[in-house]
*Asks:* 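Got a structure for you, written out below as structure tokens; questions coming shortly.
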Protein chains: 2
Amino acid sequence: MSKIDVREKILDVAARLFYEQGYNLTGINQVIEEAAIAKASLYHHFASKTDLLIAYLEDFNIKWFAGLDNFLKSYTDPKQKLLAFFDYRIARQVERNYGGCAFVKINAEIETEPRVQALVEENKNKARAYIHKLVIQANQAKILSNDALTDTIFLLMEGGMNSAAIFKNTADLESAKKIVKKLL
Amino acid sequence: MSKIDVREKILDVAARLFYEQGYNLTGINQVIEEAAIAKASLYHHFASKTDLLIAYLEDFNIKWFAGLDNFLKSYTDPKQKLLAFFDYRIARQVERNYGGCAFVKINAEIETEPRVQALVEENKNKARAYIHKLVIQANQAKILSNDALTDTIFLLMEGGMNSAAIFKNTADLESAKKIVKKLL
DNA sequence: GTCTATAAGATGATAGAC
DNA sequence: GTCTATCATCTTATAGAC
């Protein structure tokens, strides 16, 4: 395997294990075993397990928003885009077996690492800004102000993801989508 | 210390450490040290660390709803009770340093224990039922149906708690409360 | 740059004295 | 029922050979 392949392979395995088992319950030994590389190779690419976590979160953040853009690109109506945002999250939760939001999960596991804290905040701020941009164009009913509607959609979505992780289904994400439809 | 005192002391320390540091990052050694008891005493009262976790969650669930009842008892209007529910969660988050919901935290840390899963679900189902009961009496605006309004309040509250854990403030819980006020 | 071997410490849990 | 001492295992991380 080339240098880049090894790094990608490690990130790939770590991303899967951190999400499925949790960061603290995933040992370095399991990562190297499933990636089929030597321990020294991992520490050649990443200075520590924490650094591997940071790299995973940075990578994931980029891929997640790229995936969202791609998912929404077939819609032109901002209202439809907002509703499809829920579909994106529903589809991913089904695929990923209802583990909930990867950033929320890590946030619950890690208490003391400021770099992790910053990356989680950044992800959520970006998501809310993404919603806000669409709300400005989509808010016609005017039941709520643009800012209030942005918060409402953001919080309903976060709440729905929270429920997905707890109840292992997408019922609340579907409900949230329907509620947003009524408020637009 | 009497037998009951020891058990209570262990639960007390475990509750604090599991919430502040996380379950997986809290070792049995730290629990016995801070509780000032011997390791064998802990294992006399609890068969395993998992059993201690279960006892903590059961205990916490009861105390949490008792605290809620107590907090809301001075209000008679169901609409005021619903809004005060948000105040309860805001007050607790300030007190507990924005760690988010204890059940959500545990749910994110533990993947494979069905007893934990059941207790988390039970807590959330009870919270939603609590809201539903108040919504039936409070929903006058009829912007949303009773069921839709119940889900909306529940999800806004969960989303707000999620934000508290991430942003380390109660801004979104306050926003959620204001939104609910408009929808009632 | 990747390998094996190992360090140094923490983990959950138990045995046996008193 | 509480104590001390210890077990076996797992943890992250490093050293040194090739």
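Below, read A as the first sequence line, B as the second, and so on, with proteins coming before strands; counting in each chain starts at 1. Only this structure's heavy atoms are used, side chains among them; waters, hydrogens and symmetry mates stay out.
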*Asks:* Can you tell me the distance, in whole Å, between the CD atom of B:Gln21 and the P atom of C:dA10?
*Replies:* 14 Å
*Asks:* Write down the distance between CD1 (A:Ile10) and P (C:dT2), rounded to a whole number of angstrom.
*Replies:* 8 Å
*Asks:* Starting from C1' on C:dA13, measure out to CG on B:Asp51 and report it in whole angstrom.
*Replies:* 13 Å
*Asks:* Mind listing the side-chain donor-acceptor pairs of residues 176-184 of chain A below 3.5 Å, one per line with the distance, residues two or more places apart or on another chain?
*Replies:*
{"unit_1": "A:Lys177", "atom_1": "NZ", "unit_2": "A:Asp87", "atom_2": "OD1", "d": "2.9"}
{"unit_1": "A:Lys177", "atom_1": "NZ", "unit_2": "A:Asp87", "atom_2": "OD2", "d": "3.3"}

*Asks:* In a table with atom names and distances, give each donor-acceptor pair under 3.5 Å that connects a side chain of residues 93-100 of chain A to protein atoms at least two apart or in another chain.
*Replies:*
{"unit_1": "A:Gln93", "atom_1": "OE1", "unit_2": "A:Gly99", "atom_2": "N", "d": "3.4"}
{"unit_1": "A:Gln93", "atom_1": "OE1", "unit_2": "A:Gly100", "atom_2": "N", "d": "2.8"}
{"unit_1": "A:Gln93", "atom_1": "NE2", "unit_2": "A:Tyr19", "atom_2": "OH", "d": "3.4"}
{"unit_1": "A:Gln93", "atom_1": "NE2", "unit_2": "A:Gly100", "atom_2": "O", "d": "3.2"}

*Asks:* Rounded to whole angstrom units, what separation is found between the CZ atom of A:Phe46 and the P atom of C:dG1?
*Replies:* 14 Å
*Asks:* Quick one: are A:Ile28 and A:Tyr43 in side-chain contact, heavy atoms under 4.5 Å?
*Replies:* yes
*Asks:* Checking B:Phe85 now: which residues fulfil ring pair (Phe, Tyr, Trp, His ring centres under 6.0 Å) with it, not counting sequence neighbours?
*Replies:* B:Tyr130
*Asks:* Can you name the residues that form a ring pair (Phe, Tyr, Trp, His ring centres under 6.0 Å) with A:Tyr23, not counting sequence neighbours?
*Replies:* A:Phe18
*Asks:* In whole Å, what is the span from the CG atom of A:Leu42 to the P atom of C:dC3?
*Replies:* 11 Å
*Asks:* Quick one: list whatever passes ring pair (Phe, Tyr, Trp, His ring centres under 6.0 Å) with B:Tyr88, sequence neighbours left out.
*Replies:* B:Trp64, B:Phe71
*Asks:* Nearest whole Å is fine: how far is D:dG1 C1' from B:Asp5 CG?
*Replies:* 14 Å
*Asks:* N/O contacts under 3.5 Å, protein versus nucleotides 9-13 of chain D?
*Replies:*
{"unit_1": "D:dT12", "atom_1": "OP1", "unit_2": "A:Lys49", "atom_2": "NZ", "d": "3.0"}
{"unit_1": "D:dT12", "atom_1": "OP2", "unit_2": "A:Ile28", "atom_2": "N", "d": "2.9"}
{"unit_1": "D:dA13", "atom_1": "OP2", "unit_2": "A:Tyr43", "atom_2": "OH", "d": "2.9"}
{"unit_1": "D:dA13", "atom_1": "OP2", "unit_2": "A:Lys49", "atom_2": "N", "d": "2.9"}
{"unit_1": "D:dA13", "atom_1": "N6", "unit_2": "A:Lys39", "atom_2": "NZ", "d": "2.6"}

